[in-house]
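No hydrogens, no waters, no symmetry mates; every other heavy atom, side chains included, goes into these values. Just so we're clear, the structure is a prediction, and the values are computed from it rather than from any experiment.
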Number of protein chains: 2
Amino acid sequence: MGRGGRERKGQPGARALDVAALAGVSTATVSRAFNAPEKVAPEIREKVLKAAAELGWMPHPAGAALASRRTWLAGVLIPTLDNDVFASQVGALQTRLSADGVTVLIGCSNYDADQAANQVRTMLARGVEALAVVGESHRPGLFETISARGVPYVVTYSHRPGSPHPSVGFDNAAAFRRIARHLLDLGHRDFGLIHQPSIDNDRVVARIEGLRAALAEEGVALRPPHVREGPASIAFGRESLRSIMEAPGPRPTAVVCGNDALAIGALIEARALGIGVPEELSITGFDDVAMAEQTDPPLTTMRVDNAEIGRRAADYLLACLAGRQPPPPPPLESRLILRASTGAPTAPRVLSDAQRSL
Amino acid sequence: MGRGGRERKGQPGARALDVAALAGVSTATVSRAFNAPEKVAPEIREKVLKAAAELGWMPHPAGAALASRRTWLAGVLIPTLDNDVFASQVGALQTRLSADGVTVLIGCSNYDADQAANQVRTMLARGVEALAVVGESHRPGLFETISARGVPYVVTYSHRPGSPHPSVGFDNAAAFRRIARHLLDLGHRDFGLIHQPSIDNDRVVARIEGLRAALAEEGVALRPPHVREGPASIAFGRESLRSIMEAPGPRPTAVVCGNDALAIGALIEARALGIGVPEELSITGFDDVAMAEQTDPPLTTMRVDNAEIGRRAADYLLACLAGRQPPPPPPLESRLILRASTGAPTAPRVLSDAQRSL
DNA sequence: GATCAGAATGTAAGCGCTTACATAGCATTT
DNA sequence: AAATGCTATGTAAGCGCTTACATTCTGATC
């Protein structure tokens, strides 16, 4: 961890004292001119600002942080940046926070609970004053650690009714119940499910549970060979659809996917297999990525406004930092986007019942 | 900018002095135990670490930064996080830097030169010790500002031969020359081009120039109605392809796209228009996104290892911080991925009409 | 046994800024 | 004219840490 180099420091020999001298005031006035302009007479303020500009000076954040006990830093913990969903959440959060002078530190867990805990520790050590965390299934004690420091936080992306944490997000279980409802209403009774890894991922777990619960209400259950768990990629979607359709026994008439990439993969494989969508098979996604409306047939999926999640999380944290005791934010709604990849099953139920009774 | 709240500060009453007292040593030893463990006798080090753990203490970064004149902060300026290309670059950069204890600040310009300049100013004010910047077409003086502070920087994503800046990236012009070469070799002489906004974007400009130059060598020029500039979306790709193919006069036999999203849009529209790819029309993309190999036909495109760009940028900056005077990094290679969306033009229009009537 | 190099630890002076408190200046009020 | 309040500014004490330098101790060398 090289400690060498860096003596140079271009101009930055200037300190508040130099600016004060040049402007003919005290350092206190210099500080106030920058941090509480309204407390300084306009003409003096001008003089200070001009002197600062002349010397290319700006308050050194370490000194400021030390003296004021404010770092103006916030952190956000996400699984990965390599995913539109989180990238846009972070983007919006950052935009909002930086408008209030707060800089955002980003920590990626790579879907690993240990890394997540580490990142949080690091951000805390860096002095973040607020934290947004994706999901609530983390190492036990993680939220306690945060609270112990008196740092306000908010869970994002998921909103589980009954969760002890303030959260900005939608109800993943409800969203998948909605999808199930749609398919059940169309008349489907045989389902497949392709989903991403569920370990340490409460969002995925909630989705699966939502789906199972809604199906169970109609007395429908997922048959194990029709459930596939793996990487959230197009390739895994393809592979899984093939495996599901080739499984012995009756084929499902609807396959629910954990996200759009999986669904797009399933769609591609269905075409390759010569299976008609939606006549023979309905397929649903989740996220509503740009590609979803361009597939053939266009994909029925759920839309979530990720940027809005970021914005609301930022607003909530900002309110906390302002000392207000904001009410926990209300859940967001996810919206079912009906397109052509879902339709009523054409095959007579009789047939599949007959098959099943064999 | 609410200055309220935050008196609480959970435990963190602990300071180095408290840890020192508990461990029965001086603050200097506490500091050394954390920053230069090899200078402290093992058993004392243990005692200090235990005391710190007991009090939940870790060095306060502001104090450390102030005393050591090191912030262990680096910045990266990108157009947007809403783009895999930059997201993975940043992800890799961050992973590498954090392994050396450097925290990354991310600034997004939203493709706007003013915002870019602002973000850089902000990061500099925050005390970043190194900076990675996407592209080199920025407000005049931006790089001078950075240099003036004595902050090492590196330009990423593009590598223009002859650029005065150290850069980690590939030669965008060469990459498009490569694409042009491929299509020319197949026998194409009528080209179309669909590209993203070129303002303040040297990468796009270089690509267009590379293409035009390569075509010019064969005496081929792009006809204005066959050139479309707009948002890098699937939708704009579709719309543009239609407009190009509907333009009066001979149709191009090959359409080059500025990225994969545009190319995928073009591919979709070609299918909708009943234009055979690649028999009647060849289409190329850029980036090699996951979807590119799943389209029908799979997309010929250029692959760039964005994560590698991030890694190398990090290594270069780390070397600078270590006081070494690293040589400017060599350019990366982009690779042509040949798939089925390109092929030889079937010369006579007549033939393809005949085919269509089958 | 005295001397000395070298390693381990302590002492204390800041790093650059903010802010509680003190002070000065001035317009009102009594 | 003295007392009062108010505002704009200055004074100076840290914020929590690092590190140059001083000190102490150890074992090796003469």
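Under 4.0 angstrom from either OP1 or OP2 of D/dT18 there lies no side-chain N or O belonging to B/Ser68.
The CG-P distance, from A/Asn35 to D/dC15, rounds to 19 Å in whole Å. Across the protein-nucleic acid pair, A/Arg15 atom CZ and C/dG16 atom P stand 6 Å apart, rounded to whole Å. The separation between A/Arg69 atom CZ and D/dC15 atom C1' is 5 Å, rounded to whole Å. At whole-Å resolution of the value, NE2 in A/His60 and P in C/dG16 are 7 Å apart. Protein atom CZ of A/Phe34 is 15 Å distant from nucleotide atom P of C/dT19, rounded to whole Å. Rounding to whole angstrom units, CG of residue B/Leu66 and P of D/dT19 are separated by 12 Å. Between B/Leu17 atom CG and D/dT18 atom C1' the separation is 14 Å, expressed in whole Å. If you take CH2 of B/Trp72 and P of D/dC17, they are 17 Å apart, rounded to a whole angstrom.
A/Gln94 pairs by the side-chain hydrogen bond (donor to acceptor under 3.5 Å, both in side chains) definition with nothing, not counting sequence neighbours. Partners of A/Asp305 by side-chain hydrogen bond (donor to acceptor under 3.5 Å, both in side chains), not counting sequence neighbours: none found. The side-chain hydrogen bond (donor to acceptor under 3.5 Å, both in side chains) test applied to B/Ser31 returns B/Asn35, not counting sequence neighbours. For A/Arg32, the side-chain hydrogen bond (donor to acceptor under 3.5 Å, both in side chains) test picks out no residue, with sequence neighbours left out. Partners of B/Arg96 according to the salt bridge (Lys or Arg N to Asp or Glu O under 4.0 Å) rule, which considers only residues two or more places apart in sequence or in another chain, are B/Asp315.
Remark: the backbone N or O of B/Gly135 is not paired with any side-chain donor or acceptor of B/Asp202 at under 3.5 angstrom. In this structure a side-chain-to-backbone donor-acceptor pair under 3.5 Å is present from A/Ser68 to A/Arg70.
Listed by first and then second residue, the side-chain hydrogen bond (donor to acceptor under 3.5 Å, both in side chains) pairs involving residues 73-89 of chain B are B/Gln89-B/Thr156, B/Gln89-B/Asn306 (not counting sequence neighbours).
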Report, one pair per line, the protein and nucleotides 7-12 of chain D atoms (nitrogen or oxygen only) whose separation is under 3.5 Å.
{"unit_1": "D/dT9", "atom_1": "OP2", "unit_2": "A/Ala41", "atom_2": "N", "d": "2.9"}
{"unit_1": "D/dG10", "atom_1": "OP2", "unit_2": "A/Ser26", "atom_2": "N", "d": "2.9"}
{"unit_1": "D/dG10", "atom_1": "OP2", "unit_2": "A/Ser26", "atom_2": "OG", "d": "3.0"}
{"unit_1": "D/dG10", "atom_1": "OP2", "unit_2": "A/Thr29", "atom_2": "OG1", "d": "2.6"}
{"unit_1": "D/dG10", "atom_1": "N7", "unit_2": "A/Arg32", "atom_2": "NH2", "d": "2.8"}
{"unit_1": "D/dG10", "atom_1": "O6", "unit_2": "A/Arg32", "atom_2": "NH1", "d": "3.4"}

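One end of the helix from C/dG1-D/dC30 to C/dT30-D/dA1 points its axis 50° away from the other end's axis, with each axis taken from 5 pairs and the angle rounded to 10°.
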Please table the atom pairs, donor to acceptor, closer than 3.5 Å between any side-chain atom in residues 103-115 of chain B and protein atoms at least two apart or in another chain.
{"unit_1": "B/Thr103", "atom_1": "OG1", "unit_2": "A/Arg126", "atom_2": "NE", "d": "2.8"}
{"unit_1": "B/Thr103", "atom_1": "OG1", "unit_2": "A/Arg126", "atom_2": "NH2", "d": "3.2"}
{"unit_1": "B/Ser109", "atom_1": "OG", "unit_2": "B/Tyr111", "atom_2": "N", "d": "3.1"}
{"unit_1": "B/Asn110", "atom_1": "ND2", "unit_2": "B/Gln115", "atom_2": "OE1", "d": "3.0"}
{"unit_1": "B/Asp112", "atom_1": "OD1", "unit_2": "B/Asp114", "atom_2": "N", "d": "3.0"}
{"unit_1": "B/Asp112", "atom_1": "OD1", "unit_2": "B/Gln115", "atom_2": "N", "d": "2.8"}
{"unit_1": "B/Asp114", "atom_1": "OD1", "unit_2": "B/Arg139", "atom_2": "NH1", "d": "2.0"}
{"unit_1": "B/Asp114", "atom_1": "OD2", "unit_2": "B/Arg139", "atom_2": "NH1", "d": "3.4"}

